[in-house]
Amino acid sequence: MQLTVIGVGPGDSELLTIKAVRMIKEADVILVPVKKEGSTNSTALSIAKPYIEDMDKVQYLYFPMIDCDENKNYVDTIFKGNGEKINRQLQEGKKMVYLTLGDPMIYSTFTYISQYLDGVQYIPGIPSFLNGAALSKSPLCIGKESMAVVNMTDDEDTIKQVFNLHDSIVVMKVCTNQKLLKNLIEQGKRNAIFMSNIGLDNEHFTTDINYLDEKVPYFTIGIIR
Ligand SMILES: C[S@@+](CC[C@H](N)C(=O)[O-])C[C@H]1O[C@@H](n2cnc3c(N)ncnc32)[C@H](O)[C@@H]1O
């Protein structure tokens, strides 16, 4: 038996693949990552909820939202424990799925426990930025252009180089370095659209650069052209 990791897409419950829905319905166990121990609060779960017939199948897995490099021993112990819990149930023959927001290959917490698992398969999901591009009618790349995806937690020099090299940039984790992002957009005289909570409650789109002066929600991306 192997674990199936499912990308549940960016927020809209109609944006899961047919295969993802089938696997969720057929599962014996539905694993959901949570940021706080004992919490049952999960955006991925609320997206997939219309397809879960029995909520007793849901198991919550604690994933600390702290710097994994700085707290390596602590987080490794938790990830290893999560891996063991999953492996035990796989060995019992249970069909298990793990729900993750957007696509599992883009900044997913799941990546940290994959090394502890006996077998894994992935079902892709629509990442936040593709949904944002579609909803805001912002093409990401046209003709000969290349496109980059930049993470604002990366170091400043790398982010600056990405801005110098690319016509079209998708910015993830905007909230972690808003000041640098604002400077780069203004210096390069770029067009930008910021999108928060795409497909969720409080969805907000704006082209106003001053949006970056106040702390933006964690679920915010930018498309810079
Ligand atoms: C840990 S990453 C997860 C990315 C996810 N795997 C994906 O494919 O989109 C979290 C970042 O993704 C972006 N994000 C994810 N979902 C979003 C949404 N619904 N609206 C806006 N941004 C979102 C934000 O930049 C957030 O800081």
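The basis for the numbers below is simple: all heavy atoms, side chains too, and nothing from hydrogens, waters or symmetry mates. Numbering of ligands and ligand atoms starts at 1, following listing order. Just so you know, these numbers come straight off a predicted model, no measurement behind them.
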query = Should Leu90 and Leu3 be marked as a side chain to side chain contact (heavy atoms under 4.5 Å, CB included) after you check the CA-CA gap, both sets of side-chain angles, and the distance that decides it?
reply = CA-CA 7 Å; Leu90 288 174; Leu3 174 70; 4.3 Å; yes
request  = List the steps, then state whether salt bridge (Lys or Arg N to Asp or Glu O under 4.0 Å) holds for Asp167 with Lys144.
outcome  = CA-CA 10 Å; Asp167 309 298; Lys144 288 182 182 171; over 6 Å; no
request  = Would you sort out whether Phe79 and Tyr116 count as a ring-ring contact (aromatic ring centres under 6.0 Å, His included), showing the intermediate values?
outcome  = CA-CA 8 Å; Phe79 296 152; Tyr116 298 115; 7.6 Å; no
ask   = Yes or no on side chain to side chain donor-acceptor pair (under 3.5 Å) for Asp208 and Thr206, after CA distance, side-chain angles and deciding distance?
value = CA-CA 5 Å; Asp208 182 359; Thr206 182; 5.0 Å; no
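In this structure, Pro10 has a heavy atom closer than 4.0 Å to ligand 1.
Salt bridge absent: Arg88 and Glu84 never bring a charged side-chain N and a carboxylate O closer than 4.0 Å.
Some N or O of Thr220 is nearer than 3.5 Å to an N or O of ligand 1, by distance alone. Residue contacts with ligand 1: Pro127 is placed with no nitrogen or oxygen under 3.5 Å of a nitrogen or oxygen of the ligand (distance criterion only). Below 3.5 Å of separation, one finds an N or O of Lys173 facing an N or O of ligand 1.
Under 3.5 Å, the side chains of Asp155 and Thr158 contain a donor-acceptor pair of N or O atoms. Asn41 and Ser39 form no side-chain donor-acceptor contact under 3.5 Å, judged by distance and modelled atom types alone. With 3.5 Å as the limit, one finds a donor-acceptor pair spanning the side chains of Thr100 and Ser108. For the residue pair Glu145 and Ser168, no side-chain donor N or O sits within less than 3.5 Å of a side-chain acceptor on the partner.
Among Val8, Val216, Ile198, the residue whose heavy atom lies nearest to atom 20 (N) of ligand 1 is Ile198.
If you number the atoms of ligand 1 from 1 as listed, the ones under 4.0 Å from a heavy atom of Leu200 come out as 19 (N). Short contacts between ligand 1 and Asp103, defined as distances under 4.0 Å to a heavy atom of the residue, involve ligand atoms 6 (N), 7 (C), 8 (O). Set against the non-hydrogen atoms of Ile106, the atoms of ligand 1 under 4.0 Å away are 3 (C), 4 (C), 5 (C), 6 (N), 8 (O). Interface atoms of ligand 1 facing Ile221, defined by a heavy-atom separation under 4.0 Å, are 13 (C), 22 (N), 25 (O). Atoms of ligand 1 found under 4.0 Å from any heavy atom of Gly102, numbered from 1 in the order shown, are 7 (C), 8 (O). Residue Asn197 has at least one heavy-atom neighbour below 4.0 Å for each of these atoms of ligand 1: 20 (N), 21 (C). Those atoms of ligand 1 with a heavy atom of Met195 less than 4.0 angstrom away are 21 (C).
Nearest to atom 9 (O) of ligand 1 among the protein's heavy atoms is Ser128 OG, 2.8 Å. Distance from atom 12 (O) of ligand 1 to its nearest protein heavy atom, with residue and atom name: Met172 CE, 3.4 Å. Scanning the protein for heavy atoms near atom 1 (C) of ligand 1, the closest one is Tyr107 O, 3.0 Å.
When heavy-atom distances to ligand 1 are checked against a 4.0 Å cut-off, Thr100 has no atom that comes that close, whether in backbone or side chain. Proximity of Tyr218 to ligand 1, defined as any heavy-atom pair under 4.0 Å, is shared by backbone and side chain alike.
Taking the six-membered ring for Trp and the full ring otherwise, the centers of His204 and Tyr211 sit less than 6.0 Å from each other.
In Glu214, the CD atom is not crowded: 12 or fewer heavy atoms of neighbouring residues, nucleotides or ligands sit closer than 6.0 Å.
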